[in-house]
Amino acid sequence: MPELPEVETVRRTLDHLIKGQTIKEVDVIYPNIVKGDLKTFKKTLQNVTIQGIERKGKFLLFDIGDKYLLSHLRMEGKYFIKPLSEPINKHEHIIFYLADGGTLRYHDVRKFGTMELKDKHDVYDTPPLSLLGKEPIEPNFEPMKLYKTLKQKKKAVKTALLDQSIISGLGNIYVDETLFCANIHPEKRTYKITKKEAHTLALCAKNVLKKAVDLGGSSIRSYTDSLGISGRFQNELKVHLKKNEPCETCNRLITKIKVNGRGTYFCKTCQKR
DNA sequence: ATAAACGCCTGGCGGC
DNA sequence: TGCCGCCAGGCGTTTA
């Protein structure tokens, strides 16, 4: 569910709420979320203090001193902070018991999310973080590098932009919005993307993501962040979920197709192959 | 070597 | 109302 703006919103909220707090104990109710040895996971997290929460691509990194707890929310992962007395919800799979008496709860209806512990010293040099491309909002993002990568591939440009090793942070919503901004058809083959288009894509991706971060992400379907706070970017969507609504630019009705199995919204007039 | 399909899970929705 | 198939913002693994 969450893409870069939603993950960043969660990061900020959690950093504000639990930075400096100590984890007394962790209860893993649904173990498949955890990668690696479960006993080690629980033991390592016992009596550690959360120094802060960082983000890389769509990963959250809980700084616990010499290690990071990497958390990926995949489709529906969420965090909630609740008092100890609150009963465990059926979708809460991992419970962090905090020293102040509260609890941090990982909630995930579809159970696709993952958590794993990584040594800090090489976390960026080993998978999964080493596999991530740059984020479009990073100052040193290189549009020419994007151009060169796209040049040597043949797939639909939408599929390439969803590939986190090429460019990280975009998901299905923001890819549709980026392609609309750039006036590019989602099925245009990557090797046909011009230098100018690659630069436009980089700029559009950056602008879309930045604006979404500023607005606290998008709340569509049932998504809310850690405190149940809703983002406001859904009001800014131009094409995503807008099937049969008029395009803001040309009034033609927005089309929905499938690209590699993913629901894809675009304007047939404004976005050319 | 690359790209498309599958699998992981559950719940909500529309159609019958 | 109930059942059924389809859909969902991701990504690692398997197959073609």
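Here is the naming used below: chain letters follow the sequence lines, and residue numbers restart at 1 for every chain. FYI, side chains are in, hydrogens and waters are out, and symmetry mates aren't considered; it's all heavy atoms of this structure.
Remark: P of C:dG10 and CD1 of A:Ile173 are 8 Å apart, rounded to the nearest angstrom. As rounded to whole Å, 13 Å separates atom C1' of C:dG10 from atom NE2 of A:His240. In this structure, the NZ atom of A:Lys154 is 14 Å from the C1' atom of B:dA4, given to the nearest Å. With rounding to whole Å, A:Arg262 atom CZ is found 17 Å from B:dA3 atom P. Straight-line distance from the CD atom of A:Glu76 to the P atom of B:dC8: 17 Å, rounded to whole Å. Rounded to whole Å, atom P of C:dG12 lies 7 Å from atom NZ of A:Lys35. The distance between atom CD1 of A:Ile33 and atom C1' of B:dC9, rounded to the nearest whole Å, is 10 Å. A:Gln152 places its CD atom 12 Å from the C1' atom of B:dA1, with the value rounded to the nearest Å.
Atom P of C:dC4 sits at a distance of 22 Å from the matching atom of B:dC9, rounded to the whole Å. A distance of about 24 Å separates the P atoms of C:dC11 and B:dA1, rounded to the whole Å. Here, B:dA5 and C:dC6 have their P atoms 16 Å apart, quoted to the whole Å.
Listed for the A:Asp100 side chain is a donor-acceptor partner under 3.5 Å among the backbone atoms of A:Gly102. With A:Ser165 contributing its side chain and A:Leu131 its backbone, the two residues share no donor-acceptor pair below 3.5 Å.
Checking A:His72 against A:Gly261, the closest nucleotide of DNA chain C that is more toward the 5' end is the one next to A:Gly261.
The shortest distance between the side-chain N/O atoms of A:Asn32 and the OP1/OP2 oxygens of B:dC9 is below 4.0 Å. Taking only side-chain nitrogens and oxygens, A:Lys153 never comes nearer than 4.0 Å to OP1 or OP2 of B:dA1.
Nucleotide C:dG12 is matched to B:dC6 when pairs are restricted to Watson-Crick or G-U wobble geometry with both distances under 3.5 angstrom.
Ranking C:dC7, B:dT10, C:dC11 by closeness to the A:Gln164 side chain, first place goes to C:dC11. Side chain of A:Tyr30, nearest nucleotide from B:dC9, C:dC11, B:dA4: B:dC9. In the set B:dT10, C:dG10, C:dC7, the nucleotide with an atom closest to the side chain of A:Lys258 is C:dC7. Here the side chain of A:Lys155 is nearest to one of B:dA4, B:dG11, B:dT10, namely B:dA4. Ranking B:dG11, B:dC9, C:dC11 by closeness to the A:Arg74 side chain, first place goes to C:dC11. With B:dT10, C:dA8, B:dG11 as the candidates, the nucleotide lying closest to the side chain of A:Lys111 is B:dT10.
Where stacking is scored as ring centres under 5.5 Å apart with planes under 30°, A:Phe112 does not register as stacked on the base of C:dC11.
Of the N and O atoms on the side chains of A:Lys118 and A:Thr126, at least one donor lies less than 3.5 Å from an acceptor on the other residue.
Under a hydrophobic clustering in which Ile, Leu, Val, Met, Phe, Trp and Tyr are joined whenever their side-chain heavy atoms come within less than 4.5 Å, directly or via other members, A:Leu70 and A:Phe96 fall into different clusters.
Using the six-membered ring where Trp is involved, A:Tyr174 and A:Phe233 have ring planes that are tilted, between 30° and 60° apart.
Judged by a 6.0 Å distance limit and a 45° cone about the ring axis, A:Lys206 is not positioned over the six-membered ring of A:Phe141.
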